[in-house]
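Beneath this line is the structure, given in structure tokens, with notes to follow.
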Amino acid sequence: METKNEKKYKILIADDSEMNRSILADMLEEEYEILEAENGLEAVTILKSRETEISLLLLDIVMPEMDGFEVLAMMNKYHWIENIPVIMISAENSASHVERAYELGVTDYISRPFDAIVVHRRVVNTILLYAKQKKLVGMVSDQIYEKEKRSSLMIDILSHIVEFRNGESGLHVLHIHTITEVLLQHLVQKTKKYPLSHADISMISTASALHDIGKIAIPEEILNKPGRLTKEEFEVIKRHSEVGASMLKELPFRQDEPLVKTAYEICRWHHERYDGKGYPDGLVGEEIPISAQIVALADVYDALTSERVYKRAFSHEVAVEMILNGECGVFNPLVLECLLETSDTIQRELEVNSYGRSSRKEMRNVAEEMMRHEELSASERTLRLLEHEREKYRFFASMSKEIQFEYTSDPSMITFSEWGAAQLGVKEMIMDPLEDKQLLAVAGSGQMEALARILKETTPEEPVIQYQCMLQIGREKRWHRVISRATWSADETPCFLGAIGKVVDIHEEHMQMINLEHMASHDSLTGLLNHASARKTIQERLTVRPGKRYALIILDLDHFKSANDQHGHVFGDQLLKFMSGKLRQCVREGDLAARVGGDEFMVFLEYRGGLEQVVDRIFHSLLGEYNGFTISVSMGIAKSGPLASSYDALLYCADRALYFAKNAGRGQYCFYKDSMKDMFSVISPIEEEKKED
């Protein structure tokens, strides 16, 4: 007997024959609630009003008013086909009719006359399959939420590293996020001038965590100087906004992501002021993006109300008064009004805010938003939430650019992600995959059968497999790796149910690894080796081939600071890129060129004959002009030998020689001599090597 809490799945039967509807209803009504439509138009009307209730549609092809194909077209138009599985039941079983039905999204096709066992089994399988997919969507959405949380956490960790190095409170990042969110929420309520959605506000607040990321490139002794900065030191500090923006702009991935674009705006322009007296670009008024305007005010407020190495903390009232009096620059009057009107809210939020509370607050907002729709029943809310999660899953699956799939053993069916199906050139949902011509053309019957066998040979304890295969993608054959997890029932004797997994292009995977390795070992601005990688490579060469004759050249651009001061830091960055290009052209294959830092570069080379001719060629190759700026370099050179057999010793000698060349008037090169070490009171690595010997 059915209990009060049990609910039957609803099945809609759309057939113009009352006899056919009656036969089907008799087969299924004991287990399911049956709805009937005598033509296609009536079926569409029922679907429109009761979409979230219906679990399955049994659909005839030939009907008055609107035939089965037109019903399927409407279901595709309104996306009902994504939520409601369709089994086509018809005497029309020609190949063209069946193929067209599958193209329009039907899950299964049953020919009349009906076989009660076949109908019952396929109905049960289809309903359970869709129920299982919804459950899977829930599981995937949980993983997506966790991934989003981890991504946000990584941003916060990175920002806290910058703040820790800057000697500031670890709460600075959270405070900026909180103040930004409060000000933006009030701003959109106050005016329609800035049409920001809840998603926009969340994204700007998240991106605010990266506002000072450029400070990672500022010397620590300047960042944490307790006294007043000199004019030169302040100019160095000001560079952090451009450096941070440059770091984001040079990212080799995700440049089109709104979060990256917003973070770039904030990094570069959060020190601009409304009257045009900010930096680095002197933007005026609404030329400054509203994201940067808000974060600028939040940053100033938190700096004033927090203790720093160079100042005490001011009270909220004093900080607001200083801001309103223009002591920290001129801000948008509308944004200042928001600061005044949210004054109590900001103080309250900063006193009690925490990461855990923020998460709970967001969840409470979602719950309150749902409760406003009181006309929804609990089951309808659940269905709508599931649909929302399913849309998110489809979005993230498409964003991942991976061929994702789910395979079920009974019924034998494989479902690909939308992007994956398009990449392979097959349908998203394929019944009997071992018989599907399109899929076999891509993977081949032998590989498909081998993969199916390997999956079935897994166990519940060891369900994960990897399988390499050759796939025909378009006109090209390429090696791919299938990474899959078999699913097993929880019965006492487990039964193989299917698998979930993804297909990875091995070539693309390899290229991604190469790109990551390249990013780790190369300077992001110039593309040359970075200092750490150069140091490691040079030391390896000195150790493996100690009898060879090597030279280390350290060089820097003369008057580089004046290039930045006169033409701006963007010009300075372009000049460094230009120099790195010239450096690549003048070194030989096998020589090593690297950027040490700032405007300082390094060349490591092996020589056999006269070294001075090689050095002279490199020196004169680097001279010239760039957009009106005369390029001059100073160079220091050290040779390897018994007293300079390590990287540190070579670097010490080359650095001393460079110092001597610059003191002698710049624009020249100088070889290291033993007498140069007497100019310094420090113990050189050469002396250290002597002690060890």
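The chain is numbered in sequence order, starting from 1.
Cys267 and Ile213 get closest at one heavy-atom pair: SG-CG2, 3.8 Å. Contact detail for Lys193 and Thr191: the closest heavy-atom pair is N-OG1, 3.0 Å. Taking all atoms of both residues into account, the shortest heavy-atom contact from Gly572 to Phe560 is O-CE1, 3.6 Å. The minimum heavy-atom distance between Ala319 and Thr305, with the atom names listed, is CB-CG2, 3.6 Å. Summarising the geometry of Glu272 relative to Asp281, their closest heavy-atom pair is OE2-N, 2.7 Å, with the distance given to 0.1 Å.
Counting non-hydrogen atoms of other residues, nucleotides and ligands closer than 6.0 Å to NZ of Lys577 gives a total above 12. By the 6.0 Å contact criterion, CZ on Arg485 is open, its count of non-hydrogen atoms from other residues, nucleotides or ligands being 12 or less. Within 6.0 Å of NZ on Lys502 lie no more than 12 heavy atoms contributed by other residues, nucleotides or ligands. For Glu286, the CD atom is densely surrounded, since the number of other residues' heavy atoms within 6.0 Å is greater than 12.
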Query raised in the report: Which is it for Lys561 and Asp565 under the salt bridge (charged side-chain N to carboxylate O under 4.0 Å, His left out) test, yes or no, and what are the steps along the way?
Result: CA-CA 6 Å; Lys561 184 179 181 301; Asp565 292 342; 2.7 Å; yes
Query raised in the report: For Asp299 and His271, what are the C-alpha separation, side-chain angles and deciding distance, and is it a side chain to side chain contact (heavy atoms under 4.5 Å, CB included)?
Result: CA-CA 9 Å; Asp299 190 31; His271 282 290; 4.1 Å; yes
Report task. Just do the ring-ring contact (aromatic ring centres under 6.0 Å, His included) check on His270 and His240 with the steps written out, would you? Result -> CA-CA 11 Å; His270 72 282; His240 80 274; 5.6 Å; yes
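In this structure, Asn83 and His79 have side chains that are not in contact, with every pair of non-hydrogen atoms separated by 4.5 Å or more. In this structure, Gln293 and Trp269 have side chains that are not in contact, with every pair of non-hydrogen atoms separated by 4.5 Å or more. With a 4.5 Å cut-off on side-chain heavy atoms, Ile346 and Leu350 count as touching. Under the 4.5 Å side-chain criterion, counting only non-hydrogen atoms from C-beta, Val633 is in contact with Leu557.
Between Arg239 and Glu242, none of the side-chain N atoms (NZ, or NE/NH1/NH2) sits under 4.0 Å from a carboxylate O, so this pair counts as no salt bridge.
Remark: of the listed residues Arg584, His522, Met579, Arg584 is the sole one forming a side-chain contact (heavy atoms from CB on, under 4.5 Å) with Leu528. When the options Asn332, Thr342, Ile290 are evaluated for a side-chain contact (heavy atoms from CB on, under 4.5 Å) with Leu187, the one that passes is Ile290.
Looking only at atom types and distance, the side chain of Ser524 has no donor-acceptor partner in the side chain of Glu250 under 3.5 Å away. Inspection of the Tyr279 and Glu235 side chains reveals no N or O donor paired with an N or O acceptor under 3.5 Å. With hydrogens and angles left out, the side-chain atoms of Ser632 and His559 include no donor and acceptor closer than 3.5 Å.
Taken to the nearest 0.5 Å, the CZ atom of Phe601 stands 11.5 Å off from the CD1 atom of Ile554. Atoms NE2 and OG, on His175 and Ser306 in that order, are 6.5 Å from each other to the nearest 0.5 Å.
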